[in-house]
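Letters A, B, ... are given to chains in the order of the sequence lines, protein chains preceding strands, and every chain is numbered from 1.
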Amino acid sequence: MSHSASSCAWGPATSVLSWRVPFDRGASLMLNPKILRAELDEIARQLGRRALTIDRDWFTIREQKRKQLQTNAEQLQNQRNTNSKLIAQGKSAGQDVSGIMDEMGAINAKLKAGEGELERLQSEIHAWMLTLPNLPHESVPDGNTEADNAVVRTWGEPPEFDFPPLGHVEIGKRTEGLDFGKSAKIAGSRFVTMQGQVARLHRALIQFMLDVHVSEHGYREVYVPYIVNDESLTCTGQLPKFEADLFKLSTDSPYYLIPTAEVPVTNLWRDTIAKEEELPAKYACHTPCFRSEAGSYGKDTRGMIRQHQFEKVELVQLVKPEASWRALEELTQHAEIILQKLELPYRVVTLCAGDLGFAAAKTYDIEVWLPGENRYREISSCSNFVDFQARRLKARWKNPATGKTELLHTLNGSGLAAGRTLVAILENCQDSEARVRVPEVLQPYMGGLEIITSP
RNA sequence: GGAGAGGUGGCAGAGUGGUCGAAUGCGGCGGUCUUGAAAACCGUUGACUCGAAAGGGUCCGGGGGUUCGAAUCCCUCCCUCUCCGCCA
C-alpha cells in the first residue's frame, strides 16, 4: 500500500532490504517468525490439528539461503558505512580519497548483485508465512467439523409450546414486521426490510446491548468507519486469504465494507505502544456488517439468519498477554449476560481445532435456541487471538517489569448479532396468535410496549 | 473542487549533501539536596531486527531516483493544517 503513512508491515525494517518486499501493504507474519524458524516441527504439529500440512523442506531451504544472503549483504553495508565515514574525514582533512571511492564502487556492485535474489526469497517466504493460520490453544479439542465442537454449558430451557411454533419468516409476515420481497426488489437476495414495531425492536436491542456493556461491563463506546482500507483487513487477518467474503468498493483505492466492527476497532491500536495504565482497552461498538457470503449458496437462503447486511454490537479487548485467557472467559460471559437478560435459552460450545477461524487461538460460540428450526444457532463468536493480530498490527505495550515493548493480545466477540437476536425473540416469545412478547428489559426501549401484534 | 503551508524521537522543535539515530526544550527514569515534597543541579531516556555474546544492520510520512555518500536534492503517492467554494 503506497497511499498511507502507516503500515502494519513486519517492522520498520526487519532486515536489510526488507522494505523492498512487495508485501509492504501490511502483511506481516502471523506466527512468531523466530519460533517458526527455531521450532518448525512443533509448529507443523500444532497446525496439523487444523488439518493443515506445511511444507517444511520448502521453507527450510529458502530460509537458509535467505540468511546467508542477508548476512553477506549486511557485511557489505557495514563496509560501505565505514568507508563513507572515512571519505568524510579524509575530505575534511584535505586528503586524497579516490582509493576508497573506487572501493565503494566495488562494494555497491556486490550489494546490487545479491539484491534481486534476496528480495525474491524474502517475498516468497513472507507470502508463505501469510497463509499460516494461528496455532490452536492446547485447550482446544481435536476435530475437523462442527460435530466435534464441545458443549461447555447450557443455560435456560427451550420453551414448550402447545401449538406448532412458527419460524421468524412467518411471524415477520403476520406482524408485517419483516419483508424479504421488498428488499429483494431494491437490492437482491439476502437482505431484509424491517418495519414498525419489529424495526423498533431491532433498534431497541442494539441500544440495550450497548447500554449493558458500557454501564455494567466497563466497555467504552466507539463509533468507527464502515469502510476500511486493505491494510486494516490484513492486520486483522481477513486479507489476503478471504477477499471473496468481502464487499469491495470499485474505487481507485482498495476500500472494503467492513465485515465486522472487529476490523476498524482493533485497528485503532495499529502502530501503537500502550501504556500499562491504558490496559485493558475494552470497546463496545455497534456497526452494520457486510458479507458477500460467497460460497454459501443454498445455505440459509430463507429468512434473516444469513444476510449480506446485518447489525452487530461487537466487543473488542486489547490486554496484557498474561490476562488474555481470563479475558476470553469474561468477554464470553458478557455476551451471555445479554441472552440471560433477554431470557433466551442458549449453550456455549468450544470450537474444535478444525473449525477454528484463521486468526483465532480459541473460540467459544454462543448458540441460541431457535424454536422455528428446533435447534441451537450461532449468535455470537468470542475469540482470543493472542498475539497473532497484534503482531500484524504492531499493537504493543511497554512492560514495566521487563522495560521492553511487547505485543498485546487481542480478543473480540459479538455481543450480540442483532438480527439473529431479533429472530430468537420472535421465535421464542411467540404465542399461538403469532404475537410476540417483548422481553421485559427491552420494554423501556419500546415505549412500554409489551406485545408486538399485527398493525 | 480551487489556492497555499507542512509531515523529523512520547510531545515541542532544530537540522538543507558527509564523522547525524539526529541539537535543544518539555515529559519519563535514576541520583544529589530535603523530615517529606517542590525547586535547583547531575546523569539517563526512540523503535525494529540478526546474533549465545561481542557486535552488526534498518528506520527522519510511504515508494522510487540522483550520488562514493541523502533527514537534507529530484519524482510520485498518502496524510495534516489554513483560506475560498460546496454540502449534512
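- If you take atom P in B:C74 and the same atom in B:G7, they sit 14 Å apart, rounded to whole Å.
- Summarising the base pairing, B:U66 is matched to no nucleotide, lacking a Watson-Crick or G-U wobble pair whose two defining distances lie under 3.5 Å.
- At the heavy-atom level, A:K404 lies nowhere under 4.0 Å from the strands shown.
- Using the Watson-Crick or G-U wobble rule with both distances under 3.5 Å, B:C81 pairs with B:G4.
- No donor-acceptor contact under 3.5 Å links the side chain of A:Q77 to the base of B:G57.
- Taking atom CG of A:L118 as the reference point, atom P of B:U58 lies 13 Å away to the nearest angstrom.
- Regarding A:E115, its CD atom lies at a distance of 9 Å from the P atom of B:G65, rounded to whole Å.
- Using a 4.5 Å heavy-atom cutoff, the side chains of A:K282 and A:H213 are not in contact.
- At the phosphate of B:U67, neither OP1 nor OP2 sits under 4.0 Å from any side-chain N or O atom of A:R80.
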Enumerate donor-acceptor pairs with a distance under 3.5 Å from any side-chain N or O in residues 438-453 of chain A to protein atoms, sequence neighbours excluded.
from: A:Q443; atom 1: NE2; to: A:V438; atom 2: O; distance (Å): 2.9
from: A:Y445; atom 1: OH; to: A:D211; atom 2: OD2; distance (Å): 2.6

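- A:H409 NE2 to A:L318 CG: the interatomic distance, rounded to the nearest 0.5 Å, is 11.0 Å.
- Annotation: B:A22 and B:G36 have their C1' atoms spaced 40 Å apart (nearest Å).
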A:R392/A:T234 under side chain to side chain donor-acceptor pair (under 3.5 Å): CA gap, chis, key distance, verdict: CA-CA 8 Å; A:R392 297 178 156 213; A:T234 304; 5.9 Å; no

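- For the side-chain contact (heavy atoms from CB on, under 4.5 Å) criterion with A:R420, the lone passing option out of A:H168, A:Q307, A:E378 is A:E378.
- Partners of A:K312 according to the salt bridge (Lys or Arg N to Asp or Glu O under 4.0 Å) rule, which considers only residues two or more places apart in sequence or in another chain, are A:E314.
- Positionally, the nearest nucleotide of RNA chain B for A:T405 lies more toward the 5' end than for the other of A:Q75 and A:T405.
- Across all strands shown, B:C59 forms a Watson-Crick or G-U wobble pair, both distances under 3.5 Å, with B:G46.
- Rounded to the nearest Å, the gap between the C1' atom of B:G21 and that of B:U49 is 15 Å.
- Distance A:L111 CG to B:G57 C1': 11 Å, rounded to the nearest Å.
- Put simply, A:R396 has no side-chain N or O that comes within less than 4.0 Å of OP1 or OP2 on B:A47.
- Atom name C1', nucleotides B:U82 and B:C29: the rounded distance is 39 Å, in whole Å.
- For B:U24 and B:G31, the C1' atoms lie 23 Å apart once the distance is rounded to whole Å.
- Both distances falling under 3.5 Å, in either a Watson-Crick or a G-U wobble arrangement, occur for no nucleotide opposite B:G9.
- Identified under the side chain to side chain donor-acceptor pair (under 3.5 Å) test for residues 235-245 of chain A, with sequence neighbours left out: A:T236-A:Q238, A:E243-A:Y256.
- Base pairing of B:G17 is not made with any nucleotide, judged by Watson-Crick or G-U wobble geometry with both donor-acceptor distances under 3.5 Å.
- Distance from the side chain of A:N108 is smallest for B:C68 among the nucleotides B:C68, B:C48, B:G46.
- A:N81 has a side-chain polar atom (N or O) that falls below the 4.0 Å cut-off from OP1 or OP2 of B:G57.
- Here, B:G56 and B:G6 have their P atoms 38 Å apart, quoted to the whole Å.
- Nucleotide B:U32 is matched to B:A40 when pairs are restricted to Watson-Crick or G-U wobble geometry with both distances under 3.5 angstrom.
- For B:U72, there is no paired base (Watson-Crick or G-U wobble, both distances below 3.5 Å).
- Residues satisfying the side chain to side chain contact (heavy atoms under 4.5 Å, CB included) criterion with A:K85, sequence neighbours excluded, are absent altogether.
- A close approach under 4.0 Å does occur between a side-chain nitrogen or oxygen of A:N78 and OP1 or OP2 of B:G57.
- Counting only heavy atoms from C-beta outward, the side chains of A:R203 and A:M194 never approach each other to under 4.5 Å.
- The gap from the C1' atom of B:U19 to that of B:C68 amounts to 15 Å, rounded to the nearest Å.
- Taking side-chain N and O atoms only, A:R66 has no distance below 4.0 Å to OP1 or OP2 of B:C50.
- An OP1 or OP2 oxygen of B:U49 is reached within less than 4.0 angstrom by no side-chain nitrogen or oxygen of A:K34.
- In this structure, the CD atom of A:Q122 is 12 Å from the P atom of B:C50, given to the nearest Å.
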Are any protein N/O atoms closer than 3.5 Å to N/O atoms in nucleotides 15-21 of chain B? If there are, list each pair with its distance.
from: B:G18; atom 1: O6; to: A:K91; atom 2: NZ; distance (Å): 2.7
from: B:U19; atom 1: O2; to: A:Q89; atom 2: NE2; distance (Å): 3.2
from: B:U19; atom 1: O4; to: A:S92; atom 2: OG; distance (Å): 3.3

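- Atom C1' of B:G28 sits at a distance of 12 Å from the matching atom of B:G46, rounded to the whole Å.
- When rounded to the nearest whole Å, the span between CE of A:M129 and C1' of B:U49 equals 13 Å.
- Atom CG of A:L86 is separated from atom C1' of B:C68 by 12 Å (rounded to the nearest Å).
- In terms of the salt bridge (Lys or Arg N to Asp or Glu O under 4.0 Å) criterion, residue partners of A:R174 (sequence neighbours excluded) are, by chain and number, A:E170.
- The distance between atom NZ of A:K398 and atom P of B:C29, rounded to the nearest whole Å, is 13 Å.
- Searching all strands for a Watson-Crick or G-U wobble partner of B:C86 with both distances below 3.5 Å returns nothing.
- Taking atom CD of residue A:E74 and atom P of nucleotide B:C59, one finds them 12 Å apart after rounding to whole Å.
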